[in-house]
Amino acid sequence: MKVCRRSFLSLVIGGAAGTALSPLPWKLIDDSSIWTQMWPWTPVPEDGEVSHVNTVCSLCPGGCGLTVRKVNERAIKIEGMKGYPVNDGGVCLLGLSGLQLLYGSTRVKTPLKRTGARGEGKWEKISWDEAIAEVAKKLADLRAKGLSHTVGCIAGSDRGTVAHLLGRFLTAYGSPNFIRTPSMQDSYEQTMYLMQGAQASAGFDVENADFILSFGSGLIDGWGSPVRMFKANSALKNKGKLVQVEPRLSNTAAKSDKWIPINPGTESALALGLAHVIIKESLYDYDFVNNYSFGFDDWTDDQGTSRKGFKQIVLDEYSPDDVAEITGISYSTIIDLAKSFARASKPLAICGRGQGNTPGSLSEFMAVHALNALVGNINKKGGVWAVPDPDYIRWPEVEMDINAAKGMRANRIDGAGGKTYPDSRYLLNRFPEAVNSGKEYPIEALFVVGANPVYTLPDSRAVKEAFDKIPFVVSFSSYMDETAANADLILPNHIFLERYEDVPMPAGLQKPVVGLSKPVVKPQFNTRHVGDVIIQIAKAFGGGIADSFPWDNYEACLQETLGRKWDTLNEDGFWLDSNFRAPGWERAFDTPSGKFEFFPRTLAAKNENTFPQFSPVEPEGNEGRFPLILIPYDYMRLASGFIGDPPFAIKTVEDTVLKGNDILVEVNPKSGRGFREGDQAILSTPKGSVKVRVHLFDGIMPGLVAMPRGLGHTAYDEYLADKGINFNELIGTVEDPVSGLDAAWGIRAKLTRA
Amino acid sequence: MSTLDDKAKEVSAEAVDEAETESPTEVNEKKQDNGPWGYIILFFIIGFAASLVIGWGIFPKVLYSQKKQPIDFNHVLHVAAVEEGCESCHFFREDGSFSGVPKLAQCVECHEEVQGEDPNEAKFVEEYVAKGREVPWLVYSKQPDCVFFSHIAHVNMGKMECDTCHGHIGESTHSKVYEENRITGYSRDIWGKNIAGLKKNTWDRMKMDDCAECHAENKAVPKTVETLPWPISWMPRPYEKPASSQVRVQIDKDACFVCHK
């Protein structure tokens with residue numbers, strides 16, 4: 001027998017025929033098609049029991065209520081909580097992307113101790129016991145040397161139990177240096193204090209206003225509580241008007257009824273010019289001005305000197321002609337705007353540029369607030385309300401030992417509350433300079449909680465230098481952000497979806513509300529609640545410090561503090577003071593005169609040229625060398641606070657803002673001669689030079705360059721890091737003469753070919 | 001002369017030689033005229049038979065791996081002990097979703113302590129209840145991820161019985177071997193025990209055709225699932241309704257996505 005080629009072919013054909021008549025090929029086709037849908041990297045939603053957990057967001061000061069949908073133990077989707085007094089069912093892009101912060105790759109999973117150089121990214125995993133022991137030992141050493149005041153704490157908020165625990169710890173330990181990160185809240189609080197004598201936040205009844213005059217506030221760009229503002233802005237379309245005054249056609253300006261471009265930094269001049277017209281035309285609220293205000297007319301101070309009143313100063317110095325010259329807005333526009341504002345039934349003037357992440361000039365806030373007072377829209381429906389903090393944290397006074405008392409007598413490192421700036425509470429903008437110059441005293445240890453100062457503070461280089469000077473930096477960040485990356489020790493907090501925390505006073509709300517963050521899922525990693533860590537560090541000290549923290553853990557502390565509110569908070573997710581009414585005008589003003597002060601007496605005693613005066617905040621830099629002015633802008637799709645954009649959010653940023661890894665700066669075609677759309681350029685300011693691309697945009701005034709905030713991260717994940725430029729690298733700080741807060745709104749710049 | 005003769009002889013001798021050398025080959029060729037076809041057919045049959053054996057016999061054995069359930073479960077025993085039949089453990093949640101295989105929490109309601117002497121019971125309590133671990137049950141009826149199936153639409157609205165699809169699982173005293181498809185990772189029960197895909201009972205197979213068959217029979221409206229007589233890729237694009245009324249295909253908006261994710 002001899003097998004030939006034909007036999008072999010025959011075998012194959014026979015095999016093929018047999019195979020075709022067997023189920024093998026058909027079954028394999030079917031199975032392989034299913035297999036292609038089953039690749040392990042294909043995301044498959046969890047299947048199981050669906051449940052919903054209500055919680056409160058603390059990613060920005062907005063404090064929205066959230067309802068998180070869960071399947072089994074996995075959080076699947078974040079939605080807005082229906083009926084929550086802030087957002088009533090709405091949610092913003094950042095909140096929506098919160099799950100990526102929970103399950104994403106940027107989490108710090110366990111306590112870490114630096115092993116390499118600062119910022120090198122070399123870490124050693126350590127246990128919680130070791131971490132707490134290390135912090136306690138360092139603090140005890142400093143205290144023993146009488147250096148307790150050289151310990152500082154930078155926190156994202158000074159409200160709620162966590163911030164109070166931090167403050168309490170510093171007091172018991174002996175340091176006055178608790179510093180809140182800056183925002184427009186600082187300027188509004190000080191305005192409320194100086195003009196109304198109220199220790200209160202400014203609340204804006206935007207839902208009931210029918211004419212909103214916004215001095216650069218990005219109502220739909222993330223100002224205040226973003227979701228609430230979006231809703232209010234939509235509602236306003238049917239019943240009122242929004243006039244947006246700012247040098248750039250922001251999204252808010254584009255959607256407003258009228259956009260008035262203004263020379264940047266001259267907003268307070270416009271406010272005073274509008275006051276001029278309102279007073280001259282007698283369009284102001286007589287009842288309020290005559291009966292409940294002080295300093296409108298000329299007055300005599302304690303020394304018997306006669307002083308010009310608000311009315312006279314404004315009439316003398318801020319005629320529409322003068323103001324037109326300063327602001328670049330036409331005479332007729334100023335007149336029309338003043339009349340339509342004063343004639344509206346519920347006019348409301350607001351300020352705080354963009355998302356309100358910078359404090360700005362105090363005189364601007366006061367000038368804008370004076371407009372509200374002129375039309376009598378203070379503490380009234382549709383107006384600005386002074387909202388006191390909900391008073392539920394009533395802990396016994398800290399019993400300070402000798403060391404603590406000595407430490408607490410030291411001056412604050414940032415100078416807040418000192419001789420120069422007696423009315424300011426926190427001046428973080430002065431912190432880097434104070435540390436770098438070492439004039440007051442060196443900072444030996446720094447805690448950072450709910451903040452990312454290395455990224456968010458202006459003048460990044462000075463901030464970095466200051467951090468390099470501080471020998472012991474402890475970050476409590478849940479994420480590997482810029483500050484954590486430059487720390488010595490990271491004690492990761494649970495993220496907001498994993499922890500209990502009270503979230504009082506959503507930004508800009510006119511009612512006292514306390515929300516409750518609740519654990520939606522179990523902590524995913526070896527993290528620990530910052531409240532627990534503080535209590536444990538205090539207990540490690542023993543003595544008076546430990547005695548000031550009588551709670552077993554944070555949850556016990558929170559429950560005890562909230563008392564009867566605890567049940568309401570757990571069930572409804574929030575507590576609203578139902579007895580709270582608009583404070584009205586009678587007995588609402590706790591100023592020296594007992595009235596609303598157009599001319600704050602406390603200021604008048606000190607410096608007569610501060611208010612009501614337009615004293616321009618000059619942008620840093622030489623006009624000859626830097627012919628343009630760089631201003632920042634905020635944008636709803638870019639989170640510019642202590643949290644960076646999660647991947648979902650960064651993907652929505654259009655390519656006129658970020659193209660690939662390149663940031664685009666907006667330039668008017670008139671100023672950008674020689675540049676074509678998308679051209680590479682070098683943008684220089686006195687603070688530094690960066691590579692950018694040019695976006696020619698008619699919506700920005702000539703002479704300006706605008707850059708978005710929220711880009712240029714060096715930390716976080718590959719989706720965010722190294723994309724664009726951090727605006728803070730290019731700008732410095734300018735101290736406001738009255739508040740000491742950062743009043744810089746821009747910086748001189750030039751664009752050259754790359 | 002002799003030369004000529006010699007030459008002639010030589011020639012003839014050569015001729016004879018040639019004839020002699022050629023003739024056996026011819027004979028052989030003649031013999032093989034019947035032989036090659038025999039082999040060809042033989043090899044065809046061998047190939048044919050072997051592939052049938054492989055396709056029908058060996059392939060299914062290789063395709064599926066045999067797995068045992070972590071705990072041998074006795075349905076009969078449980079059905080006798082509970083009051084509401086299948087729904088005692090396999091119930092609808094408040095939102096209408098189906099609970100499927102019970103979670104440990106449900107089992108613990110009765111099985112906090114070891115009951116009886118079955119070693120499986122002891123193992124269950126020891127390894128899962130005591131440690132609070134979910135039992136990794138292997139689910140025979142789990143459909144691929146791309147399939148969306150609503151139990152409540154079928155059981156409550158369609159008034160279907162459990163055994164129409166699941167068979168008489170409630171009458172089993174032991175958990176049968178779970179045969180896992182090595183390619184897809186799903187149970188053999190979806191394709192059916194019969195490798196040819198033939199079925200005798202409604203629950204023997206649970207492919208799309210089986211859904212379609214029942215939907216067509218019962219004219220389940222409004223979203224009737226009917227299969228195409230040809231692959232979907234042959235359809236004119238966009239999927240317009242063909243003139244022939246013979247083609248029964250859902251071309252409404254969302255039609256595919258009622259059942260396919």
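In the text below, chain A, chain B and the rest are named by the order of the sequence lines, each starting its count at 1. The structure presented is a predicted model; accordingly, all values stated were derived computationally and were not measured.
Sorted by first and then second residue, the side-chain hydrogen bond (donor to acceptor under 3.5 Å, both in side chains) pairs involving residues 77-96 of chain A (not counting sequence neighbours) are K77(A)-E79(A).
Between G18(A) and S51(B), the shortest heavy-atom distance links the atoms CA-OG, 3.0 Å. Minimum heavy-atom separation, G48(A) to R93(B): O-NH1, 3.2 Å. Residues P23(A) and A196(B) approach most closely at CB-CA, 4.3 Å, considering heavy atoms. Nearest heavy-atom pair across R6(A) and I40(B) is CB-CD1, 3.8 Å. The two residues S10(A) and F44(B) have their closest heavy-atom pair at OG-N, 3.0 Å.
Looking at K27(A) and N181(B), their side chains come closer than 4.5 Å, going by heavy atoms from C-beta outward. Looking at heavy atoms from C-beta onward, D30(A) lies out of side-chain contact with T184(B) at the 4.5 angstrom threshold.
Annotation: maximal heavy-atom pairing with chain A below 4.5 Å, among I46(B), D145(B), I45(B), occurs at D145(B). Most heavy-atom pairs under 4.5 Å with chain B, from the set L24(A), D47(A), I34(A): that is L24(A). Top candidate by heavy-atom pairs under 4.5 Å with chain B, chosen from S33(A), A17(A), S32(A), S22(A), is S22(A). The greatest number of non-hydrogen atom pairs below 4.5 Å with chain B, out of T19(A), V12(A), T36(A), is found for T19(A).
More than 12 non-hydrogen atoms from other residues, nucleotides or ligands lie less than 6.0 angstrom from CD of E134(B). Other residues, nucleotides and ligands place no more than 12 heavy atoms under 6.0 Å from the CZ atom of F648(A). With a 6.0 Å radius and a threshold of 12 heavy atoms from other residues, nucleotides or ligands, K207(B) has its NZ atom above the threshold. Enclosure of atom CD in Q66(B) by more than 12 non-hydrogen atoms of other residues, nucleotides or ligands within 6.0 angstrom is indicated. More than 12 heavy atoms of other residues, nucleotides or ligands shown are found within 6.0 angstrom of CZ on F124(B).
Residue-level contacts of residues 52-65 of chain B with chain A, in order of numbering, are L52(B), I54(B), G55(B), W56(B), F59(B), L63(B), Y64(B); threshold 4.5 Å between heavy atoms.
For chain A, the nearby part of Y186(B) is the side chain; its heavy atoms alone come within less than 4.5 Å. The contact between Q37(A) and chain B is made entirely by side chain atoms (from C-beta outward), counting heavy-atom distances below 4.5 Å.
How far CD of E49(A) is from OG of S99(B): 8.5 Å, rounded to the nearest 0.5 Å.
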